[in-house]
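Keep in mind that this is a model prediction, so the values were computed, not measured. Labels below follow one simple rule: chain letters A, B, ... track the order of the sequence lines, proteins then strands, and each chain is numbered from 1.
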2 protein chains.
Amino acid sequence: MTPTDSEHALRGAGLRVTRPRLAVLDVVAERPHADTGTVLDGVRALLPAVSHQAVYDCLGALTDAGLLRRIQPAGSAARYELRVGDNHHHLVCRSCGAVTDVDCAVGHAPCLATDDAEARGFEVDEAEVIYWGRCPACSTTLRSRS
Amino acid sequence: MTPTDSEHALRGAGLRVTRPRLAVLDVVAERPHADTGTVLDGVRALLPAVSHQAVYDCLGALTDAGLLRRIQPAGSAARYELRVGDNHHHLVCRSCGAVTDVDCAVGHAPCLATDDAEARGFEVDEAEVIYWGRCPACSTTLRSRS
DNA sequence: GCCACTGTCTTGACTCGTTCAAGAAAGCGC
DNA sequence: GCGCTTTCTTGAACGAGTCAAGACAGTGGC
């Protein structure tokens with residue numbers, strides 16, 4: 001995402017274009033699945049004077065606007081990624097917490113066949129799938145230790 | 001789950017049978033998807049002198065032992081449910097946070113077809129699906145207000 | 001039934017992610 | 001430029017969850 005792209009995206013979403021917001025988009029583009037602390041550090045590398053509150057506000061605003069997607073696996077701080085074509089889910093490593101993208105297994109709008117849910121009056125707008133397991137690095141570490 | 005069932009379950013898992021643990025199982029059985037605070041309140045209704053730490057320990061021990069399942073939707077405290085037959089997922093209401101069970105859409109081990117993931121050396125042991133939307137109560141409230 | 005061992009609970013303090021509030025600063029449309 | 005409105009800064013607070021040390025209670029062996 002170039003600076004100009006980010007600007008267009010912000011304007012398109014009806015948001016003001018500010019330095020902190022551009023920096024947040026930049027950092028998230030660079031480091032997908034960055035948690036809040038990482039985003040904060042990254043933003044401060046670009047704009048040293050930014051407050052943590054501004055970063056929280058930006059992340060919230062960008063998420064509400066649909067430019068970012070927020071994921072929050074159990075036991076970890078919130079993580080963010082650019083909302084792209086969006087047909088993927090996440091693998092989370094139980095031991096190191098690393099997050100990886102996986103293409104959707106089914107192909108499109110996976111697992112949204114919730115007839116059961118909608119029959120009961122629940123309006124479903126998103127299905128979030130998290131695969132839990134061990135990443136290659138952690139599973140070899142564990143094996144070699146035993 | 002009767003007291004005796006709980007005892008058997010605890011012994012079967014190699015855990016000591018203690019009052020706080022029985023109370024935790026009791027509360028979770030009564031109120032599925034209870035969050036930590038609710039569990040704490042419920043346990044204290046049975047055993048007023050129990051510390052919050054004991055409840056955390058119990059929840060952790062029971063979860064490790066596979067007697068409870070922990071779910072943690074973004075923006076909410078950890079929630080617990082009895083680990084039963086286990087082929088269901090969860091609906092979470094974006095406005096009130098209520099959690100409801102849904103039968104698995106696909107039928108069995110849904111979305112576990114992560115060839116993509118396992119090809120990359122990731123060992124997947126669980127797929128967690130969360131459907132986000134609005135529960136009947138919240139969606140009618142919103143509609144009537146507008 | 002009693003004892004000792006080990007796992008569990010109590011107490012109290014603490015960390016860290018996140019949110020709240022009030023005022024200053026900076027975008028944006030005119 | 002000017003003024004309005006949103007956004008950012010500053011500083012404090014909240015709450016879920018964790019850590020540590022010692023007291024207590026289940027459990028298995030005698």
Side-chain angles (χ1 to χ4, degrees), chain A residues 3-4 6-25 27 33-44 46-65 67-68 70-80 97 99, chain B residues 3-4 6-25 27 33-44 46-65 67-68 70-80 97 99:
Chain A
T4 321
S6 304
E7 272 196 49
H8 285 351
L10 285 170
R11 286 187 211 282
L15 293 173
R16 288 190 183 166
V17 178
T18 68
R19 237 82 87 63
R21 288 180 178 178
L22 293 173
V24 166
L25 284 173
V27 170
H33 312 131
D35 62 26
T36 329
T38 309
V39 174
L40 188 52
D41 290 348
V43 169
R44 284 196 172 142
L46 302 171
L47 303 171
V50 176
S51 63
H52 74 146
Q53 187 63 359
V55 172
Y56 274 98
D57 282 356
C58 291
L59 288 170
L62 295 171
T63 304
D64 285 348
L67 298 178
L68 294 184
R70 176 181 183 150
I71 53 181
Q72 193 166 4
S76 133
R79 290 164 178 274
Y80 295 85
V99 178
Chain B
T4 322
S6 305
E7 273 196 47
H8 285 351
L10 285 170
R11 286 188 210 284
L15 294 172
R16 288 190 184 167
V17 178
T18 67
R19 243 77 86 67
R21 288 179 179 180
L22 293 174
V24 166
L25 284 173
V27 170
H33 312 132
D35 63 26
T36 328
T38 308
V39 174
L40 188 52
D41 290 347
V43 169
R44 285 197 170 141
L46 303 171
L47 303 170
V50 176
S51 63
H52 75 147
Q53 187 63 359
V55 172
Y56 274 100
D57 282 355
C58 291
L59 288 170
L62 294 171
T63 304
D64 286 348
L67 298 179
L68 292 184
R70 176 180 181 151
I71 52 181
Q72 192 166 4
S76 133
R79 290 164 178 275
Y80 295 85
V99 178

Looking at the side chain of B:Arg70, which of D:dG17, C:dT19, C:dT8 is the nearest nucleotide? D:dG17
Kindly point out which of D:dG11, C:dC9, D:dT5 is positioned nearest to the side chain of B:Ala54? C:dC9
Among D:dC8, D:dG26, D:dG11, the one nearest B:Arg19 by side-chain distance: D:dG26
For A:Ala61, which contact category applies under a 4.0 Å heavy-atom criterion: base, sugar-phosphate, or nothing? nothing
Round to the nearest Å and state the distance from B:Leu47 atom CG to C:dT8 atom C1'. 14 Å
Please state how far atom NE2 in B:His52 lies from atom C1' in C:dT10, giving the value in whole angstrom units. 9 Å
Rounded to whole angstroms, how far apart are CD on A:Gln53 and P on C:dC20? 9 Å
How close or far is atom P of D:dA16 from atom CD of A:Gln72, stated in whole angstroms? 14 Å
Quick one: which of D:dT27, C:dC9, C:dC28 gets closest to the side chain of B:Arg11? D:dT27
Look at the side chain of A:Arg21 and the backbone N and O of A:Arg16, then say whether any donor-acceptor pair between them is shorter than 3.5 Å. yes
Could you tell me whether the side chain of A:Leu25 reaches within less than 4.5 Å of the side chain of A:Leu68, counting heavy atoms only? yes
With respect to the side chain of A:Ser51, which nucleotide from D:dT9, C:dA13, D:dT5 is positioned closest? D:dT9
Between D:dT7, D:dA16, C:dT18, which nucleotide has the shortest distance from any of its atoms to the side chain of A:Tyr56? C:dT18
Between B:Leu10 (CG) and D:dG26 (C1'), how many Å, whole number? 12 Å
From B:Ser51 OG over to B:Arg44 CZ, what is the distance, rounded to the nearest 0.5 angstrom? 7.0 Å
What do the steps show when you test A:Val55 against A:Leu59 for side-chain contact (heavy atoms from CB on, under 4.5 Å), and what is the final call? CA-CA 6 Å; A:Val55 172; A:Leu59 288 170; 3.9 Å; yes
If I take atom CG in residue A:Asp57 and atom P in nucleotide D:dG11, what distance separates them, rounded to the nearest angstrom? 17 Å
For B:Cys58 and for A:Leu15, find the nucleotide of DNA chain C with the closest heavy atom, then tell me which residue's nucleotide is more 5'. B:Cys58
Over how many whole Å does the gap from A:Leu59 atom CG to C:dG17 atom C1' extend? 13 Å
With respect to the side chain of A:Thr18, which nucleotide from D:dT7, D:dT10, C:dT18 is positioned closest? D:dT7
With heavy-atom distances below 4.5 Å as the criterion, would you say the side chains of A:Leu10 and A:Leu22 are in contact? yes
Whole Å only: how far is the OH atom of B:Tyr80 from the C1' atom of D:dG17? 9 Å
Does C:dT6 have OP1 or OP2 sitting under 4.0 Å from an N or O in the side chain of B:Arg16? no
